[in-house]
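One structure below.
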Amino acid sequence: MLPFARVRELLGPPREVELPGGATVGALWDDLAKTCEGLRQLAQSTRIALNGRVARREEALQDGDEVALLPPAGGG
Amino acid sequence: MLPFARVRELLGPPREVELPGGATVGALWDDLAKTCEGLRQLAQSTRIALNGRVARREEALQDGDEVALLPPAGGG
Amino acid sequence: MFAIVRGPIDVSAIAKSVRTDACGAIITFSGVVRETSDDDRPVTGLSYEAHESMAAAEFEAIAQEARRRFGPCEIAVAHRIGDLHVGEVSVAVAVGAPHRGVAFDACLFTIDELKRRAPIWKKEHYAQGDSEWRSNPDAQA
Amino acid sequence: MFAIVRGPIDVSAIAKSVRTDACGAIITFSGVVRETSDDDRPVTGLSYEAHESMAAAEFEAIAQEARRRFGPCEIAVAHRIGDLHVGEVSVAVAVGAPHRGVAFDACLFTIDELKRRAPIWKKEHYAQGDSEWRSNPDAQA
């Protein structure tokens with residue numbers, strides 16, 4: 001789980017996350033948001049990328065997947 | 001008299017020109033064009049600058065004036 | 001060249017990388033750290049971070065889209081991450097094309113799209129001592 | 001800086017000259033000698049000449065007009081004269097502005113107007129051995 005920018009400041013540095021078999025991208029988000037009020041407020045604006053490409057909530061996770069949490073872009 | 005680009009190739013390098021008192025920009029052009037068929041063909045496209053600023057044919061010349069002959073621009 | 005870099009950006013080198021013998025025009029855009037924020041607060045510097053592999057891939061996707069839209073051209077993009085002072089270059093885009101119209105269009109499109117969709121983030125550090133993550137007004141949601 | 005120069009143009013130096021602490025965007029345009037003419041003849045090089053004082057004054061007049069039209073910005077222009085080979089830079093325009101919109105607009109306007117009205121002339125030298133004076137399609141008459 002690879003959080004960036006303000007999401008990283010809420011969740012801390014990248015870390016491994018244990019999930020039940022068949023868990024989805026959405027389930028991971030809900031799990032993280034459960035204990036973090038700040039993260040819940042960013043639900044609308046945060047995109048989630050699975051192995052380097054933006055993913056939908058329904059997509060299933062495999063062992064070793066990289067899930068990145070991407071706040072709105074600020075580059076340039 | 002300061003000719004540039006294709007006009008310079010017709011008239012040769014910059015040179016002093018003797019004109020009767022009260023001569024105009026147009027009179028200088030006509031004097032030069034009289035003996036140069038190639039220059040007559042460029043009458044429509046050549047602008048004439050008097051002391052660094054584009055001039056009309058009717059403007060009178062003074063001793064020591066710089067008259068530049070400017071073909072269409074090709075810079076860039 | 002599509003890169004996230006950690007040190008100063010060499011804009012000349014990026015410009016050179018987009019020149020071919022068919023090239024009649026090279027445009028470079030450099031984004032520079034300004035002394036004031038968009039809401040007019042004095043700024044001392046910026047920190048950038050990026051999802052590096054996704055950002056580089058996005059630069060390349062944007063460049064391909066620019067070529068489809070505007071015509072053949074060479075495009076290079078470099079974005080710096082880490083801490084930057086006022087006056088330093090945070091991003092450079094260079095475009096080489098046979099004629100200037102394509103080069104201008106492709107360069108503007110590339111920087112506009114980069115700001116909208118590349119996974120890069122910016123924290124502004126203010127003269128008053130506080131800091132804030134700032135997203136772009138047109139960032140993709 | 002508004003200059004006619006005889007040697008290679010240092011685009012980085014010109015870009016640096018337009019930066020202020022209010023500057024968030026720097027655009028450079030470089031015109032480069034292409035290997036083919038507009039009518040597709042192989043080109044070995046170009047020779048430029050200029051009415052130097054009138055050209056430099058025209059650059060400055062164009063820059064003032066650009067600022068009136070698009071807003072505050074810093075503009076620099078250098079045009080090289082003499083003999084140039086394929087790949088060499090004949091002209092560079094740099095614009096520094098708080099935001100990129102003004103910088104892009106002012107840069108494009110400046111090079112368009114320079115080609116239209118600056119007293120500079122170009123002779124193309126072709127691979128076949130002949131040469132020709134070429135004026136710009138939109139040159140002021």
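Residue numbering restarts at 1 for every chain, and letters A, B, ... go by the order of the sequence lines.
Residue C:M54 comes nearest to A:A49 through the heavy atom pair SD-CB, 3.6 Å, listed as atom of the first residue, atom of the second, then distance. Nearest heavy atom pair, residue A:A73 against residue C:A118, reads CB-O, 3.3 Å.
Inter-residue side-chain proximity for A:E9 and C:W133 is flagged as met; some heavy-atom pair is nearer than 4.5 Å. Residues A:R6 and C:E132 have side chains not in contact (no heavy-atom distance under 4.5 Å, counting atoms from C-beta outward). For the pair C:P119 and A:F4, the minimum side-chain heavy-atom distance is 4.5 Å or more.
Among the candidates C:I120, C:D138, C:L46, the residue making the largest number of heavy-atom pairs closer than 4.5 Å to chain A is C:I120. Ranked by heavy-atom pairs under 4.5 Å with chain A, the list C:H51, C:K115, C:H79 is led by C:H51. When the candidates C:R116, C:R134, C:Q140 are compared by the number of heavy-atom contacts under 4.5 Å with chain A, C:Q140 comes out ahead.
In this structure, chain A has no heavy atom under 4.5 Å from any part of C:A92. In this structure, the portion of C:K123 lying under 4.5 Å from any heavy atom of chain A is its side chain and not its backbone. Using a 4.5 Å cut-off between heavy atoms, A:A68 contacts chain C through its side chain alone, with no backbone atom that close. The part of C:S90 that comes within reach of chain A is its side chain, from C-beta onward, which places non-hydrogen atoms under 4.5 angstrom from that chain.
A side-chain donor-acceptor contact under 3.5 Å links C:Y48 to the backbone of A:G76. Proximity of a side-chain donor or acceptor of C:W121 to a complementary backbone N or O of A:G75 within less than 3.5 Å is not detected.
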Evaluate the criterion salt bridge (Lys or Arg N to Asp or Glu O under 4.0 Å) for residue pair C:E58 and A:R53; output intermediate values, then yes/no.
-> CA-CA 10 Å; C:E58 195 71 52; A:R53 136 198 97 54; over 6 Å; no
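Other residues, nucleotides and ligands contribute at most 12 non-hydrogen atoms within 6.0 Å of the CD atom of A:Q44. Taking a 6.0 Å sphere around CD of C:Q128, one finds it holds 12 or fewer heavy atoms contributed by other residues, nucleotides or ligands.
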